[in-house]
Amino acid sequence: MSDYFETGRTCALAVASGRELARFATRYDGLFPEKSFDAGLYGALAMAGAFCAPWATVEGLRAVNRASLLVFALDRLIDEEASSREQVGALVGECLAAAGGAAPESQAAAFVADLRSDLAAPPELDRAWRDQLERMLRAMAREWDWSGSERPPTRQEYLANADSCGALFIGLSHWIHTGLVEALGDLDRLRPAADAVQRCLRLLNDLATRRRESGSGDVNAFTLGMELDEVIERLSELTEDATELIEPLRNAYPRAAEYLAWQIHYSAGFYGLSDFWAES
């Protein structure tokens with residue numbers, strides 16, 4: 001009976017968080033068009049947040065939910081709105097400037113500034129958070145470059161660019177907000193496993209979106225020439241690698257380690273049937 005109760009509580013947490021996230025998005029005029037950000041997307045993000053930390057409260061999940069929403073907003077702006085490298089560069093510059101304390105010059109930059117303010121991280125973790133934001137934005141911009149390039153990346157280069165999926169940026173935001181990371185040493189110990197998880201999520205996303213992205217020009221494992229069986233085999237290898245890195249963390253960082261393990265297996269189950277984005 002207790003398992004049923006906990007599942008019910010987690011689902012209720014997701015419902016409340018999803019409603020809060022949808023209300024929060026209305027602060028940023030034009031950043032979340034309904035065509036792309038439908039009720040299902042807010043609900044899916046909130047469900048993922050709730051199950052990654054079912055012991056939390058709605059307030060405790062705000063950072064993971066809002067960081068996830070920011071990643072989706074930036075991904076859409078770069079993939080769908082940017083028509084030139086100058087536009088991509090401008091977005092990256094505005095967001096990094098706002099993360100450094102400058103007055104926001106766009107709605108996306110305002111979101112970045114607000115999230116940083118919400119985290120109120122100590123100086124060394126604030127720098128680490130801004131560094132991870134930059135890694136993510138640079139990786140997203142690099143993928144934009146690849147999509148229009150005559151020389152696609154190698155498979156190794158592509159997987160090494162997994163910061164573009166934003167998983168570590170989201171995780172770091174959550175860990176700072178909930179106190180799971182208190183110093184740079186904590187992040188240094190968690191990063192190798194988190195990087196490995198990002199590479200898994202990169203391929204899981206490619207598997208889920210391969211039909212939708214087949215004609216969009218996006219760079220993914222399949223447009224780089226990998227076959228389905230090959231992607232599945234590589235994903236299995238990456239999952240094994242990530243698991244080996246996660247297990248030694250469980251004593252010192254039980255919730256952070258569980259979060260990383262959950263990322264892989266929850267995402268595998270979710271992407272097996274659905275996707276976050278609304279069908280166009």
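- Residues Arg250 and Glu258 meet the side-chain proximity criterion, which asks for heavy atoms closer than 4.5 Å.
- Atom CZ of Arg19 is surrounded by 12 or fewer heavy atoms from other residues, nucleotides or ligands within 6.0 Å.
- Within the 4.5 Å cutoff, no side-chain heavy atoms of Arg142 are placed close to those of Pro153.
- Under a hydrophobic clustering in which Ile, Leu, Val, Met, Phe, Trp and Tyr are joined whenever their side-chain heavy atoms come within less than 4.5 Å, directly or via other members, Leu172 and Phe72 fall into the same cluster.
- Using a cut-off of 4.0 Å between Lys/Arg side-chain N and Asp/Glu carboxylate O, Asp131 and Arg135 are scored as salt-bridged.
- Using a 4.0 Å cut-off between charged side-chain N and carboxylate O, Arg62 and Glu20 make a salt bridge.
- Considering CG of Leu190 and CG of Leu180, their distance stands at 9.0 Å, rounded to 0.5 Å.
- Side-chain atoms of Asp206 come within 3.5 Å of backbone atoms of Ala221 as a donor-acceptor pair (strictly under, hydrogens ignored).
- Here the side chain of Glu105 pairs no donor or acceptor atom with the backbone of Glu94 at under 3.5 angstrom.
- Leu260 CG to Leu245 CG: the interatomic distance, rounded to the nearest 0.5 Å, is 10.0 Å.
- Two residues are said to be in side-chain contact when any heavy atoms from C-beta on lie closer than 4.5 Å; Asn205 and Asn220 fail this criterion.
- A ring-ring contact (aromatic ring centres under 6.0 Å, His included) with Phe24 is found for exactly one of Phe111, Phe37, Phe32, namely Phe111.
- Legend: residues meeting side-chain hydrogen bond (donor to acceptor under 3.5 Å, both in side chains) with Arg9, ordered by chain and number and at least two apart, are absent.
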Under the salt bridge (charged side-chain N to carboxylate O under 4.0 Å, His left out) rule, what do Arg127 and Glu124 come out as? Steps first, then yes or no, please.
-> CA-CA 5 Å; Arg127 286 192 296 272; Glu124 65 174 11; 5.3 Å; no
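- In Arg191, the CZ atom is crowded: over 12 heavy atoms of neighbouring residues, nucleotides or ligands sit closer than 6.0 Å.
- Put simply, the side chain of Gln198 never gets that close to the backbone of Cys165: no donor and acceptor are under 3.5 Å apart.
- A 4.5 Å side-chain heavy-atom check between Gln87 and Glu81 finds every atom pair outside the cut-off.
- Residues Thr178 and Gly60 approach most closely at CG2-O, 3.6 Å, considering heavy atoms.
- Residues Leu91 and Val88 form no side-chain contact, since every pair of their non-hydrogen atoms from C-beta on lies 4.5 Å or further apart.
- Using a distance-only test at 3.5 Å, with no hydrogens or angles considered, a donor-acceptor pair links the side chain of His177 to the main chain of Glu59.
- A 4.5 Å side-chain heavy-atom check between Pro122 and Glu182 finds every atom pair outside the cut-off.
- Formation of a donor-acceptor pair under 3.5 Å by the Ser117 side chain with backbone atoms of Ala113 is not found in this model.
- A side-chain donor-acceptor contact under 3.5 Å links Thr239 to the backbone of Leu235.
- A donor-acceptor pair under 3.5 Å is formed between the side chain of Asn161 and the backbone N or O of Ala139.
- Under the ring-ring contact (aromatic ring centres under 6.0 Å, His included) rule, Trp175 has a single partner from Tyr253, Trp129, Tyr259, which is Tyr259.
- Looking at Trp146 and Glu143, their side chains come closer than 4.5 Å, going by heavy atoms from C-beta outward.
- Between Arg199 and Asp195 no salt bridge is recorded (no basic side-chain N to carboxylate O distance below 4.0 Å).
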Check against side-chain contact (heavy atoms from CB on, under 4.5 Å), Asp126 and Ile176 | CA-CA 9 Å; Asp126 179 64; Ile176 290 173; over 6 Å; no
Verdict with reasoning, Glu80 to Lys35, per salt bridge (charged side-chain N to carboxylate O under 4.0 Å, His left out) | CA-CA 12 Å; Glu80 299 181 14; Lys35 179 181 178 181; over 6 Å; no
